[in-house]
Amino acid sequence: MTDLQTNILETERLSLRRLTPDDLDALFALYRDPEIRRYFPEGTQTYEETKEELEWIIEVYYGRYGYGLWATIYKETGEFIGRCGLLPWTIEERQEVEVAYLLDKRYWGQGLATEAAAAIRDYAFAHLPISRLICLVDPENEASRRVAQKIGMTLEKEMILDGTPALVFAMDRV
Ligand SMILES: CC(C)(COP(=O)(O)OP(=O)(O)OC[C@H]1O[C@@H](n2cnc3c(N)ncnc32)[C@H](O)[C@@H]1OP(=O)(O)O)[C@@H](O)C(=O)NCCC(=O)NCCS
């Protein structure tokens with residue numbers, strides 16, 4: 001394992017590690033899927049857009065912030081089943097960190113996003129100098145709302161973010 005593949009955290013069923021350029025095809029398989037990307041304002045992504053996002057995650061998020069979206073691996077099979085992690089935001093001039101999650105639809109409904117998000121929450125409060133975390137959720141994305149609530153967040157407000165309605169869930173350091 002190279003430095004670029006540093007393991008970030010483990011849960012009972014999942015292992016989260018840094019993304020590498022080799023993850024492009026697996027990430028694109030998720031980002032091209034209209035059902036998985038349904039609640040993302042920009043919708044599905046092309047191979048080139050996925051490549052650009054992956055490069056941004058590695059160079060800017062990991063390089064500048066030391067965190068970002070991480071490859072989410074199903075430990076039992078070693079399969080790449082999503083990307084979950086932390087994203088920096090500036091919202092109304094306030095620095096925020098979002099817990100973000102996206103999984104392969106074949107793995108939905110098994111509590112895996114909640115398992116990942118809870119571990120990411122704990123990791124963030126243990127390792128980052130932050131006092132709160134947020135989730136930004138499309139109002140119609142019931143599953144995502146539930147994950148935010150299940151890790152201890154409450155609805156703070158609804159806002160328009162980049163022209164799209166978004167619910168802001170938030171929690172203070174626990
Ligand atoms: C959001 C997402 C990560 C949830 O993953 P998941 O592993 O299925 O979530 P969990 O199994 O941990 O379920 C969390 C809760 O949501 C509920 N839930 C799951 N899918 C749901 C759906 N389609 N509608 C309503 N509730 C749903 C579950 O029942 C559970 O709540 P409960 O314990 O009270 O029953 C997954 O649907 C996904 O990857 N979606 C596409 C990407 C996305 O929209 N990410 C969020 C962007 S903000």
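We count ligands from 1, going down the list as the structure has it; atoms in each ligand are counted the same way. Computed from a predicted structure; not experimentally measured.
Distances between N or O atoms of Trp108 and those of ligand 1 include at least one value under 3.5 Å. The shortest N or O to N or O distance between Thr114 and ligand 1 is under 3.5 Å. At under 3.5 Å, not a single nitrogen or oxygen of Val137, backbone or side chain, sits near a nitrogen or oxygen of ligand 1. In terms of N/O distances under 3.5 Å, ligand 1 is not approached by Ser144. Residue-to-ligand polar distances keep Glu35 apart from ligand 1: every N/O pair is separated by 3.5 Å or more. An N or O contact shorter than 3.5 Å links Gly111 to ligand 1 by distance. The shortest N or O to N or O distance between Asn141 and ligand 1 is under 3.5 Å.
Near Phe40, meaning under 4.0 Å from any of its heavy atoms, are these atoms of ligand 1: 42 (C), 43 (C), 44 (O), 47 (C). Those atoms of ligand 1 with a heavy atom of Ile36 less than 4.0 angstrom away are 41 (C), 42 (C). Shown in contact with Gln110 at under 4.0 Å from a heavy atom are these atoms of ligand 1, numbered in order with element: 11 (O).
Within the 4.0 angstrom cut-off, atom 48 (S) of ligand 1 has one or more protein heavy-atom neighbours. Protein heavy atoms are found inside the 4.0 Å sphere centred on atom 20 (N) of ligand 1. When distances from atom 36 (C) of ligand 1 to the protein are checked, a heavy atom turns up under 4.0 Å.
Residues Tyr101 and Cys135 have side chains in contact (heavy-atom distance under 4.5 Å, counting atoms from C-beta outward). Taking 4.5 Å as the limit, some side-chain heavy atom of Arg83 sits within range of a side-chain heavy atom of Tyr31. Counting heavy atoms from C-beta outward, Leu102 and Leu69 have side chains that stay 4.5 Å or more apart.
Using modelled atom types and a 3.5 Å distance limit, the side chains of Tyr47 and Asp25 yield a donor-acceptor pair.
Note that CG of Leu136 and CG of Leu161 are 6.0 Å apart. Values are rounded to the nearest 0.5 Å.
Under the 4.0 Å criterion applied to side-chain N and carboxylate O atoms, Glu55 and Lys51 are assigned as salt-bridge partners. One finds no salt bridge joining Glu49 and Arg32 here, because no Lys/Arg side-chain nitrogen approaches an Asp/Glu carboxylate oxygen to under 4.0 Å. Contact check on Lys157 versus Glu92 returns a salt bridge, with a Lys/Arg side-chain nitrogen under 4.0 Å from an Asp/Glu carboxylate oxygen.
By the 4.0 Å heavy-atom criterion, Leu136 is counted among the residues contacting ligand 1.
Asn141 places no side-chain N or O within donor-acceptor distance of the main-chain N or O of Asp138, the cut-off being under 3.5 Å.
Nearest residue to atom 22 (C) of ligand 1 from Ala143, Gly109, Ala118, Ala148 is Ala143 (criterion: closest heavy atom).
With Tyr74 as the aromatic partner, Arg13 does not meet the cation-pi criteria of under 6.0 angstrom to the ring centre and within 45 degrees of the ring axis.
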